[in-house]
Chemist: 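Mind looking over this structure? Questions follow.
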Amino acid sequence: YEKMIPLIKAIFLEQPLLVAELFEKGKLLGDPSIVFKLRQLHSNIQTLRTYGEEIISTSKELDGKARERVERTISVSQKAILIFFPLFLITGIGLLFLITGSVINRLRLLVAVVERTGRGEFTRLPHEGVSDEVGILIKKFDEMEEELLKREEELKKKNEELLQSKKLAALGTLAAGVAHELNNPLNNIYIAAQVLKREATNMPDFIRETVDDIMAQSIRVKHIVSDLLEFAKGREPEMRETDLNEVILGSYKSVSITRNTEGINFNIDAPDEPIIVMADPAQMERVFINLFNNAIDAMEGKGKLSVTIIKGEKAIEINVSDTGKGIPQELLEKVFEPFYTTKDRGTGLGLAIVYNIIKKHGWEISVESERKGTTFIITLPRGKS
């Protein structure tokens, strides 16, 4: 027992060196290699313990550094929070006020524009590059403004046309009465002048010249009365299929018979095929005769008279252009008014008659003029042509 108890104790305490020494002292083993292995095991254990201590030491050092880094990061984060949180808060509040102010200002501007729109003043708001709700609202409002402006212009145009129609109707009634009252006295004057001319063969020259002047002025007044009657009649057009090319060429031929057109270069630019429209050919011939006469007067018998017919998908457009002296811009709105004329000897009814005829056909007519030359534009919608 004296030998075995220390051996058991050394084995239990995992002390291989002490076990090897006990084996040697007590001579308990006959194989010396076991003692060598025990000593080698003791050496390995010592080496492992050394490595373990180094590992523990290194681990503690790494743990300390890691803790130090974490604590430093936490400290920096805390400082950053203390610095940046108020900055973010101030920036956020500033942006909130900025955005709110922008929205409120644009809404106030929109309210002001709505009020002006209610008064009939149409103003466009800038909305390019703005995609928020207020920007979309402004964009939709601008679209509404454009539609309202178009309708306002259409309404204004219709009111002007209605006023013109009422004016023409009133003047037509007056013209009819005046024409009927003048017609009989004029016929009597003209017949009397003819009789007097036949009896004035042996009278002095100044008497014959006076009689000729009476007859010439009577004929001129009879033309005026004829225009008045034509203006006053205003009969409804008798619609039938009409070739525009034939009407235009026939109208110019009629003008050429009654006027000197040697200095006029007449040109018609139209499609080769017949252009058939529903119209009153007699009334349309009157329209083009009046336009051609006005153009010849404006060019004083010398210049270029052009007629261009354009067939579009929605309408047919007829342009009657001359190279005359033109019409001042401030007078363009008055050219279709009855009794308005820039001629020394004009009645001012030619274009009024043209306007009446065009409107009764359901077509449109407008005029454009620059410093030189005038163009009358007649538009025939496809549904009415």
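Residue indices begin at 1 and follow the sequence shown.
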Chemist: Can you name the side-chain contact (heavy atoms from CB on, under 4.5 Å) partners of S251, sequence neighbours left out?
Modeler: V247, E285, F288, I289, F292
Chemist: Please report the closest heavy-atom contact between T242 and R240, naming both atoms and the distance.
Modeler: OG1-O, 3.0 Å
Chemist: Looking at G324 and M299, what are the two nearest heavy atoms and their distance?
Modeler: N-CG, 3.5 Å
Chemist: Specify the closest pair of heavy atoms between Q283 and P237, including all atoms of both residues, with the distance to one decimal.
Modeler: OE1-CB, 3.5 Å
Chemist: Look at the side chain of S369 and the backbone N and O of I327, then say whether any donor-acceptor pair between them is shorter than 3.5 Å.
Modeler: yes
Chemist: Which heavy-atom pair separates P271 from I309 by the least distance, and what is that distance?
Modeler: CD-O, 3.7 Å
Chemist: Nearest heavy-atom pair of N245 and P274: which atoms, and what distance?
Modeler: ND2-CA, 4.5 Å
Chemist: Which heavy atom in S256 sits nearest to a heavy atom in T261, and how many Å separate them?
Modeler: OG-OG1, 3.5 Å
Chemist: Using a 4.5 Å cut-off on heavy atoms from C-beta on, say whether the side chain of H361 contacts that of M239.
Modeler: yes
Chemist: Are R259 and D297 within salt-bridge range, i.e. N to O under 4.0 Å?
Modeler: yes
Chemist: What verdict does the salt bridge (Lys or Arg N to Asp or Glu O under 4.0 Å) test give for K65 and E61, after you've listed the backbone C-alpha separation in whole Å, the side-chain angles of each residue and the deciding distance to 0.1 Å?
Modeler: CA-CA 6 Å; K65 290 181 179 180; E61 184 179 354; 3.5 Å; yes
Chemist: Kindly determine whether M284 and I358 satisfy side-chain contact (heavy atoms from CB on, under 4.5 Å), including the steps that lead there.
Modeler: CA-CA 8 Å; M284 290 311 300; I358 293 298; 4.3 Å; yes
Chemist: Rounded to the nearest 0.5 Å, how far does CD1 of I264 lie from CG of D322?
Modeler: 9.0 Å
Chemist: Can you tell me how far the CG atom of L291 sits from the CD1 atom of I365, to the nearest 0.5 Å?
Modeler: 5.5 Å
Chemist: To the nearest 0.5 Å, tell me how far K311 NZ sits from L244 CG.
Modeler: 10.0 Å
Chemist: Do side-chain atoms of N293 reach the backbone of A295 as a donor and acceptor pair under 3.5 angstrom?
Modeler: no
Chemist: Given R49 and E53, is the salt bridge (Lys or Arg N to Asp or Glu O under 4.0 Å) satisfied, shown in steps?
Modeler: CA-CA 6 Å; R49 283 178 179 173; E53 289 175 358; over 6 Å; no
Chemist: Let me confirm one number: the CD1-CD1 distance from I268 to I248, rounded to the nearest 0.5 Å.
Modeler: 4.5 Å
Chemist: Under the side-chain contact (heavy atoms from CB on, under 4.5 Å) rule, what do F376 and N319 come out as? Steps first, then yes or no, please.
Modeler: CA-CA 6 Å; F376 286 89; N319 296 334; over 6 Å; no
Chemist: Show, in sequence, the C-alpha distance, side-chain angles and deciding distance for V367 and T375, and conclude whether the side-chain contact (heavy atoms from CB on, under 4.5 Å) test is met.
Modeler: CA-CA 6 Å; V367 58; T375 300; over 6 Å; no
Chemist: Are any of the side-chain heavy atoms of V307 and F266 separated by less than 4.5 Å?
Modeler: yes
Chemist: Could you tell me the separation between the CG atom of L48 and the OG atom of S43, rounded to the nearest 0.5 Å?
Modeler: 9.5 Å
Chemist: Does the side chain of V287 reach to within under 4.5 Å of the side chain of I378, using non-hydrogen atoms?
Modeler: yes
Chemist: Checking the side chain of D269 only, and the main-chain atoms of T308 only, is there a donor and an acceptor separated by less than 3.5 Å?
Modeler: no
Chemist: Is K150 salt-bridged to E154, cutoff N-O under 4.0 Å?
Modeler: no
Chemist: Who are the side-chain contact (heavy atoms from CB on, under 4.5 Å) partners of I90, not counting sequence neighbours?
Modeler: none
Chemist: List the steps and the verdict of side-chain contact (heavy atoms from CB on, under 4.5 Å) for I310 and I316.
Modeler: CA-CA 6 Å; I310 303 170; I316 297 174; over 6 Å; no
Chemist: Does the S75 side chain pair with the main chain of E71, one donor and one acceptor, at a distance under 3.5 Å?
Modeler: no
Chemist: Hey, are E364 and K359 close enough for a salt bridge, meaning a charged N less than 4.0 Å from a carboxylate O?
Modeler: yes
Chemist: L249, I318: one ILVMFWY side-chain cluster at the under-4.5 Å cut-off?
Modeler: yes
Chemist: Looking at CG of D243 and CD of E273, how far apart are the two atoms once the value is rounded to the nearest 0.5 Å?
Modeler: 10.0 Å
